[in-house]
2 protein chains.
Amino acid sequence: MNLRRLETFLAIVDAGTVTAASVYLQAGQPALTKQLKALESELGLQLFDHESNRLHLNAAGREVLPMARHIVQCVNEMKSSVQLITSNRHAS
Amino acid sequence: MNLRRLETFLAIVDAGTVTAASVYLQAGQPALTKQLKALESELGLQLFDHESNRLHLNAAGREVLPMARHIVQCVNEMKSSVQLITSNRHAS
DNA sequence: CATGCTTACGGATCACGTAACCATG
DNA sequence: CATGGTTACGTGATCCGTAAGCATG
């Protein structure tokens, strides 16, 4: 399980398309497509309908989404806490 | 930020030594040492005292520990939920 | 035919395992 | 000197970006 893939998943959901997410993340579309496929493969679960030429979040994706958000949020909070620790360490 | 590194961190704390953690994780000591160093480098923060020939969790490590545990726990819960989803999917 | 996703492929980076080394109790 | 951690190094896997291809509205 890779955090980068979860962040990519969230970015694609929030941006609406892989293309828009790639602009936001300053990465190439192919990279995001492959990360998403890797995530779906790893979970053994399709998160989007890949049938049309646009991706659509499916039922499973909607169930996984809040958990992925929570994990990424916790990671960001940990990063903030670490920065706080180092700041206090320097202040003391 | 890599989840594998957090899991390694927890394993080292729980097992007490890198050696014991490497047995538990079925990996080599060098790999765990390097993952730990990578994590500390990434956070910009020493989590252990590296002075003796045994690692000792320091104050910063004790602060980060519960957050790391929470993140890993959330990831495991997500994995379980995904398995549940796929089970139900197969049942229906 | 414009938009958006996917696949192919080459290069770079990362991660591991074996082996050798260093430090401490 | 036994135990535990670290460094060196070569190999295998992973990831990305460019380029090309495919599908749909």
Side-chain angles (χ1 to χ4, degrees), chain A residues 1-62 64-65 68 71-72 75 79, chain B residues 1-62 64-65 68 71-72 75 78-79 82:
Chain A
M1 173 65 57
N2 195 337
L3 276 174
R4 195 173 198 85
R5 291 174 184 167
L6 291 184
E7 291 169 347
T8 296
F9 171 50
L10 297 185
I12 292 174
V13 170
D14 292 339
T17 68
V18 173
T19 302
S22 75
V23 173
Y24 174 68
L25 295 177
Q26 296 182 329
Q29 292 94 341
L32 302 195
T33 292
K34 281 180 280 188
Q35 282 178 25
L36 178 59
K37 278 184 78 71
L39 178 61
E40 289 179 329
S41 169
E42 190 178 354
L43 296 177
L45 190 64
Q46 296 281 108
L47 300 170
F48 291 89
D49 292 332
H50 294 248
E51 289 145 11
S52 113
N53 69 339
R54 301 266 305 222
L55 293 182
H56 291 286
L57 198 64
N58 63 22
R62 278 188 292 273
V64 171
L65 181 56
I71 291 168
V72 170
V75 170
K79 287 181 188 173
Chain B
M1 173 65 56
N2 194 336
L3 276 174
R4 194 172 199 84
R5 291 173 184 167
L6 291 183
E7 290 170 347
T8 296
F9 171 50
L10 297 185
I12 292 173
V13 171
D14 292 340
T17 68
V18 173
T19 302
S22 76
V23 173
Y24 175 68
L25 295 177
Q26 295 183 329
Q29 291 95 339
L32 302 195
T33 292
K34 280 180 280 189
Q35 281 177 26
L36 178 58
K37 280 183 77 72
L39 178 60
E40 289 179 329
S41 169
E42 189 178 356
L43 297 177
L45 190 64
Q46 295 282 107
L47 300 170
F48 291 89
D49 292 331
H50 293 248
E51 289 146 11
S52 113
N53 69 338
R54 301 264 308 218
L55 293 182
H56 289 287
L57 198 64
N58 64 21
R62 278 189 291 273
V64 172
L65 181 57
I71 291 167
V72 170
V75 170
M78 192 180 83
K79 287 181 188 172
V82 166

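In what follows, every heavy atom counts, from backbone to side chain, and hydrogens, waters and symmetry copies are set aside. Each chain gets a letter, A, B and so on, in the order its sequence line appears, and its residues count up from 1.
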For residues 20-33 of chain B, dump all side-chain donor-acceptor pairs below 3.5 Å to protein atoms at least two apart in sequence or in another chain.
{"from": "B/Ser22", "atom 1": "OG", "to": "B/Thr19", "atom 2": "O", "distance (Å)": "2.6"}
{"from": "B/Thr33", "atom 1": "OG1", "to": "B/Gln29", "atom 2": "O", "distance (Å)": "3.4"}

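- Heavy-atom minimum distance, B/Lys79 versus A/Met1: CE-CB, 4.1 Å.
- Here the CG-CG distance, from B/Leu43 to B/Leu6, works out to 8.0 Å after rounding to the nearest 0.5 Å.
- Residues forming a salt bridge (charged side-chain N to carboxylate O under 4.0 Å, His left out) with A/Arg5 (at least two apart in sequence, or on another chain): A/Glu42.
- Nucleic acid contact class of B/Thr33 (heavy atoms, under 4.0 Å, all strands): base.
- Residues B/Leu47 and B/Glu40 share a closest heavy-atom pair of N-OE2, 2.9 Å.
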If the sugar-phosphate is the primed atoms plus P, OP1 and OP2 and the base is the rest, what is the B/S/- string for nucleotides 13-23 of chain D, using protein heavy atoms under 4.0 Å?
--SBBBB----

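- Considering all non-hydrogen atoms of both residues, A/Gly61 and A/Phe9 come closest at O-CZ, 3.9 Å.
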Would A/Leu36 and A/Leu55 count as a side-chain contact (heavy atoms from CB on, under 4.5 Å) if you check the C-alpha gap in whole Å, the side-chain angles of each, and the deciding distance to 0.1 Å?
CA-CA 11 Å; A/Leu36 178 59; A/Leu55 293 182; 3.8 Å; yes

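- In this structure, CZ of B/Phe48 is placed 15 Å from C1' of D/dT6, rounded to the nearest angstrom.
- Note on the helix from C/dC1-D/dG25 to C/dG25-D/dC1: angle between the axes of the first and last five pairs equals 30°, rounded to 10 degrees.
- For the pair B/His50 and D/dT6, the criterion of a side-chain N or O lying under 4.0 Å from OP1 or OP2 is met.
- The two residues B/Asn58 and B/Gln46 make their nearest non-hydrogen contact at ND2-O, 3.1 Å.
- Under the salt bridge (charged side-chain N to carboxylate O under 4.0 Å, His left out) criterion, B/Asp14 pairs with B/Arg69, not counting sequence neighbours.
- For DNA chain C, the span of nucleotides reached by chain B at under 4.0 Å from its heavy atoms goes, 5' to 3', from C/dA15 to C/dG25.
- Rounded to the nearest 0.5 angstrom, A/Ile71 CD1 and A/Leu3 CG are separated by 7.5 Å.
- As rounded to whole Å, 13 Å separates atom P of D/dG5 from atom NZ of B/Lys37.
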